[in-house]
2 protein chains.
Amino acid sequence: MSDDQQATHGTWRERQKQQTRQIILEAAKELFETLGYGKTTIRAVAKYAGVGVGTVMSHFKDKASLLSAALMGDWEQLLAQVAATTPPEADYRTQLLHAAKIFFEYYARRPSLSRNLLKEALFSLEVQGPELRAMDQAAREIGVRALRAAQERGEIRADVDCEVMHLALFGEYCFVCIIGLGQPKPDPDQMVAMLESVTDLIVRGASPAPPDQR
Amino acid sequence: MSDDQQATHGTWRERQKQQTRQIILEAAKELFETLGYGKTTIRAVAKYAGVGVGTVMSHFKDKASLLSAALMGDWEQLLAQVAATTPPEADYRTQLLHAAKIFFEYYARRPSLSRNLLKEALFSLEVQGPELRAMDQAAREIGVRALRAAQERGEIRADVDCEVMHLALFGEYCFVCIIGLGQPKPDPDQMVAMLESVTDLIVRGASPAPPDQR
DNA sequence: GCCAAATATTGAACGTGTTCAACAAAAGAA
DNA sequence: TTCTTTTGTTGAACACGTTCAATATTTGGC
């Protein structure tokens, strides 16, 4: 339903606008992937899309927003892939590392774009566009839900606050991304290994064995 | 010795160069603190320092480098303050939070500059100037040393890798900085609280109580 | 003191992201 | 239809970071 709704929604004018938006997005994606973020200019995107420079800017707040919008499709695909391939029976540690691996491999395939998207995401947390905000929210909900499920399964002590734990794990994930994407040639395996080691540190603290003597 | 050495070292020309560098740095610091990072232009710094634009660029790779060089003094002062006020008897958790509080309070005092310095630091890890590289190295050494000391005191289990633990704590520290500085009005107390909660999660895993059943 | 090599300094020029007043085209009212 | 209002589109203009060929100054050898 949302397909038809989006395609034929509103007046002629609105549809036209959505179409130019789409054209711009496709041009942007093509150029970003070919040239990388830095070497892609707004002018080039505009020319490639066959519109004026101002049109691009009227559809997207700035270059970084254009990037995040252009990668939205990829992102949803990744989420779907994670949802489809995550073993439902596994413990949360395995699930986390599985999901992370999928993302890291994508990052390694598009280092320049990922780097800049990460930068945009991390440094606009409170001023960010709706796309990134939604992504952040989604990650939080999925993460916390998974942790609570694990908690009910007895993998996590009852006194552990799942929101805090998600924050901690998410923080480590971001940190690994920063370090990994800072490398000239990001190595997903190395990134997974790094995330694994710090996760294990946290896991032991979250595991049911009660640290009763201080 | 290093004082005199630096002040009277080399030829007349080298001293002259160091002096213009110093003048530029002071101008930059003044303008950065008054206007914030975004509203301070290189041209303005050059004019304020009474030199040409090219001179500024010949002394500093780019605007971000100028910022980090301008804040170097503050940074060293902070490190000294941390060294002077950290209770040597306290456990490492208390020491970490104490140091973090000092830094967070500084960040809150200069949100714009801190934000941009953090960005520069995190996204140039492999291409960064000598200052930031040295800072990173110093943080690592101090952190790992403190952790090993705590390990010998029995606060940390022997099987925990202090390098990994430092990585984890440092990652959480950076994450708290990102989140905290993303806020319109960074609140150091809130940041400390956040770091405290995630640190506690890690601490329990690192504490001697052996989680012997998986 | 004089000259050539070395180098610090300079600002005009360039490329790029972003803005904005003007324009064109559709929507809605008459 | 015709007029007014609304709004998507446009590219010239602007501001800023950055570059670089030209200039000014110092150095070191004679």
Side-chain angles (χ1 to χ4, degrees), chain A residues 8-25 27-28 31-32 34-70 112-113 116-117 119-120 123-124 127-129, chain B residues 8-25 27-28 31-32 34-70 112-113 116-117 119-120 123-124 127-129:
Chain A
T8 55
H9 190 248
T11 75
W12 169 270
R13 193 166 224 196
E14 277 177 50
R15 267 181 287 150
Q16 197 73 4
K17 189 181 180 185
Q18 288 312 309
Q19 187 178 327
T20 67
R21 186 191 149 95
Q22 215 49 42
I23 291 175
I24 293 172
L25 276 180
L31 292 186
F32 277 143
T34 312
L35 307 173
Y37 185 75
K39 291 193 198 276
T40 300
T41 72
I42 303 252
R43 277 171 243 270
V45 171
K47 180 169 282 184
Y48 195 92
V51 301
V53 195
T55 308
V56 177
M57 298 307 290
S58 82
H59 279 268
F60 304 95
K61 188 176 104 272
D62 53 22
K63 195 184 174 187
S65 300
L66 178 58
L67 175 64
S68 62
S112 165
L113 303 190
N116 286 283
L117 186 60
K119 199 193 288 194
E120 161 74 349
F123 284 92
S124 318
V127 203
Q128 73 201 172
Chain B
T8 55
H9 189 248
T11 75
W12 170 270
R13 191 168 224 188
E14 276 178 50
R15 268 181 287 150
Q16 197 72 4
K17 189 179 181 186
Q18 288 311 310
Q19 187 179 327
T20 67
R21 185 190 150 95
Q22 215 49 42
I23 291 175
I24 293 172
L25 276 181
L31 292 186
F32 276 143
T34 312
L35 308 173
Y37 185 75
K39 291 194 198 275
T40 300
T41 73
I42 303 253
R43 277 170 243 270
V45 172
K47 181 169 281 185
Y48 195 92
V51 301
V53 195
T55 308
V56 176
M57 299 306 289
S58 81
H59 279 268
F60 304 95
K61 189 175 103 274
D62 54 22
K63 195 184 174 186
S65 300
L66 178 58
L67 174 65
S68 63
S112 165
L113 303 190
N116 285 283
L117 186 60
K119 199 193 288 194
E120 161 75 348
F123 284 93
S124 318
V127 204
Q128 73 201 172

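Chain A is the first sequence line, chain B the second, and so forth, proteins listed ahead of strands; every chain is numbered from 1. Since this is a predicted model, take the numbers as computed values, not measurements. In what follows, every heavy atom counts, from backbone to side chain, and hydrogens, waters and symmetry copies are set aside.
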Extract from the structure each pairing of a protein N or O with an N or O of nucleotides 7-10 of chain C at less than 3.5 Å, listing the distance.
residue	atom	partner	partner atom	Å
C:dT7	O4'	B:R13	NH1	3.0
C:dT7	O2	B:R13	NH2	2.8
C:dA8	OP2	B:K17	NZ	3.2
C:dT9	OP1	B:T20	OG1	3.3
C:dT9	OP2	B:H59	NE2	2.9
C:dT10	OP2	B:G52	N	2.9
C:dT10	OP2	B:T55	OG1	2.4

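Smallest separation of non-hydrogen atoms from A:R21 and A:H59: CB-ND1, 3.5 Å. Of all the heavy atoms in A:K61 and A:M57, the pair that sits closest is O-CE, 3.6 Å. The heavy-atom pair separating B:S65 from B:S68 by the smallest distance is O-OG, 3.0 Å. The two atoms that bring A:I23 and A:A49 nearest to each other are CG2-O, 3.5 Å, heavy atoms only.
Between its two ends, the helix from C:dG1-D:dC30 to C:dA30-D:dT1 turns its axis by 10°, counting five pairs per end and rounding to 10 degrees.
The ring pair (Phe, Tyr, Trp, His ring centres under 6.0 Å) search around B:Y37 returns B:F32, not counting sequence neighbours. Residues passing the side-chain hydrogen bond (donor to acceptor under 3.5 Å, both in side chains) test with A:T55: none are found, sequence neighbours excluded.
Remark: B:Q18 CD to B:Q22 CD distance equals 8.0 Å, nearest 0.5 Å. To the nearest 0.5 Å, atoms CG (A:L67) and OG (A:S112) are separated by 8.0 Å. For the atom pair A:D62 CG and A:F60 CZ, the distance stands at 11.0 Å (nearest 0.5 Å).
Rounded to an integer number of Å, the gap from CG of A:L35 to P of C:dT16 is 11 Å.
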Listing, residues 38-47 of chain B side-chain donor-acceptor contacts under 3.5 Å, not counting sequence neighbours, or none:
residue	atom	partner	partner atom	Å
B:T40	OG1	B:L31	O	3.2
B:T40	OG1	B:G36	O	2.6
B:T41	OG1	B:A44	N	2.9

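Taking every nucleotide of DNA chain D with any atom under 4.0 Å from a non-hydrogen atom of chain A, the first and last of them, 5' to 3', are D:dT6 to D:dA13.
Ranking C:dA26, C:dG17, C:dA13 by closeness to the B:R43 side chain, first place goes to C:dA13.
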